**Student:** 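Here you go, one structure.
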2 protein chains.
Amino acid sequence: MLIRLTPNENMPLHEQIAHAVRDGILNGSVADGERLPSAKALGESLGVSLHTVLRAYQALRDAGLIDLRRGRGAVVTALSEPSRAKATRILDEAVCHLNELGLPPETVLALFRSRLERAQIS
Amino acid sequence: MLIRLTPNENMPLHEQIAHAVRDGILNGSVADGERLPSAKALGESLGVSLHTVLRAYQALRDAGLIDLRRGRGAVVTALSEPSRAKATRILDEAVCHLNELGLPPETVLALFRSRLERAQIS
DNA sequence: ACCTATTTGTCCGTATGTATG
DNA sequence: CCATACATACGGACAAATAGG
């Protein structure tokens with residue numbers, strides 16, 4: 001996967017990296033189950049610090065796109081396609097209703113996270 | 001707000017800080033609109049680095065609990081109660097349907113985030 | 001069972017940049 | 001202009017988990 005960084009753009013490096021990898025995963029150019037290069041290796045090849053790559057990887061983990069573990073590296077998470085499609089329909093409808101409330105997206109996201117956790121427990 | 005750090009617990013310092021502040025916000029001991037101490041000041045009073053506090057603050061921002069901006073500091077986010085209640089109902093129903101799909105919560109969260117962003121653009 | 005190399009996790013210090021008041 | 005405060009990025013150090021020999 002090719003990643004090109006634009007040094008002077010206002011988008012931070014870690015975000016540029018995260019977006020590039022995310023796009024690679026979503027458009028299929030990086031296969032499910034594939035192992036991403038180590039943070040050190042990718043950092044060296046991009047001319048950035050290990051920390052910067054790690055920050056990008058950790059964001060992708062928070063987004064559920066990769067499985068990131070010590071000693072193991074970053075592995076692309078496999079998604080179940082039919083369930084994914086159904087989930088998308090349900091979520092799109094909810095988002096449509098939510099948009100009318102005028103709440104800031106971060107708030108909606110925080111609420112969703114809390115409801116999701118709550119459902120997980122019970 | 002009193003924060004006590006336990007150095008040897010397996011919970012990272014930034015997470016301990018985030019949880020403490022989050023609890024303070026949710027149980028009302030920190031009022032809406034109140035300004036949290038600067039990362040530098042809190043770091044010095046806790047004996048940790050500015051970065052560690054900033055990381056905690058940024059997590060709270062991602063969770064929608066505070067408004068964190070350059071030059072301004074961290075201000076506790078006030079939530080509009082009626083809209084919040086409606087959003088909670090909508091989300092609970094969606095989560096109920098989503099639970100039947102058996103997708104991992106991180107995947108559901110990632111999907112929700114992507115649908116939310118998509119709705120934001122259009 | 002042991003050792004070693006790899007890889008991420010956390011934390012610190014420092015430097016520079018940018019937005020706010 | 002200036003002080004404050006967050007944002008990003010780097011490098012270094014050590015810890016902890018994993019994998020392979």
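FYI, side chains are in, hydrogens and waters are out, and symmetry mates aren't considered; it's all heavy atoms of this structure. Quick note on labels: first sequence line is chain A, next is B, and so on, each numbered from 1. What you are looking at is a predicted structure, and each value in this text was computed from that prediction instead of being measured.
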**Student:** Let me confirm one number: the CG-CD1 distance from B/Leu42 to B/Ile17, rounded to the nearest 0.5 Å.
**Tutor:**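 Between atom CG of B/Leu42 and atom CD1 of B/Ile17 there are 6.0 Å.
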**Student:** Assign a letter to each nucleotide of nucleotides 13-21 of chain D from its 5' end: B, base within under 4.0 Å of a protein heavy atom; S, sugar-phosphate only; -, no contact.
**Tutor:** ---BBBS--
**Student:** Partners of A/His51 by side chain to side chain donor-acceptor pair (under 3.5 Å), sequence neighbours excluded?
**Tutor:** A/Ser49
**Student:** Among residues 13-25 of chain B, which ones have heavy-atom contacts with DNA chain C below 4.0 Å?
**Tutor:**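 Per residue number, the list reads B/Leu13, B/His14.
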**Student:** Report the residues that fulfil side chain to side chain contact (heavy atoms under 4.5 Å, CB included) with B/Asp67, sequence neighbours left out, ordered by chain and then residue number.
**Tutor:** B/Arg69, B/Arg72, B/Thr77
**Student:** Are A/Leu109 and B/Leu109 close enough, and set up right, to give a side-chain contact (heavy atoms from CB on, under 4.5 Å), and what steps lead you there?
**Tutor:** CA-CA 9 Å; A/Leu109 190 60; B/Leu109 190 58; 4.3 Å; yes
**Student:** In whole angstrom, give the distance that lies between atom CG of A/Asp67 and atom P of C/dT7.
**Tutor:** 16 Å
**Student:** Which ILVMFWY residues are connected to A/Leu2, directly or by a chain of links, through side-chain heavy atoms under 4.5 Å apart?
**Tutor:** none
**Student:** Mind listing the residues from residues 36-44 of chain B sitting with a heavy atom below 4.0 Å of DNA chain D? Number order is fine.
**Tutor:** B/Ser38, B/Ala39
**Student:** Charged N to carboxylate O below 4.0 Å: is that the case for A/Glu93 and A/Arg89?
**Tutor:** no
**Student:** Which pairs pass ring-ring contact (aromatic ring centres under 6.0 Å, His included) with one or both residues in residues 22-44 of chain B, sequence neighbours excluded?
**Tutor:**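 Residue pairs with at least one partner in residues 22-44 of chain B: there are none.
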**Student:** Does one hydrophobic cluster hold both B/Leu68 and B/Leu50, with members joined at side-chain heavy-atom distances below 4.5 Å?
**Tutor:** no
**Student:** Could you pull out every donor-acceptor pair under 3.5 Å between side chains of residues 53-60 of chain B and any protein atom, sequence neighbours left out?
**Tutor:**
{"unit_1": "B/Tyr57", "atom_1": "OH", "unit_2": "B/Pro37", "atom_2": "O", "d": "2.7"}

**Student:** Going by side chain to side chain contact (heavy atoms under 4.5 Å, CB included), name the residues that satisfy it together with A/His19, two or more places apart in sequence or in a different chain.
**Tutor:**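 Residues passing side chain to side chain contact (heavy atoms under 4.5 Å, CB included) with A/His19: A/Met11, A/Glu15.
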**Student:** What residues form a side chain to side chain contact (heavy atoms under 4.5 Å, CB included) with A/Thr88, not counting sequence neighbours?
**Tutor:**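 For A/Thr88, the residues satisfying side chain to side chain contact (heavy atoms under 4.5 Å, CB included) (neighbours in sequence not counted) are A/Asp92, B/Leu111, B/Arg115.
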**Student:** Which residues in residues 52-62 of chain B have a heavy atom closer than 4.0 Å to any atom of DNA chain C?
**Tutor:** B/Thr52, B/Arg55
**Student:** Which residues pass the side chain to side chain contact (heavy atoms under 4.5 Å, CB included) test with B/Asp23, not counting sequence neighbours?
**Tutor:**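 Checked B/Asp23 against side chain to side chain contact (heavy atoms under 4.5 Å, CB included); zero matches.
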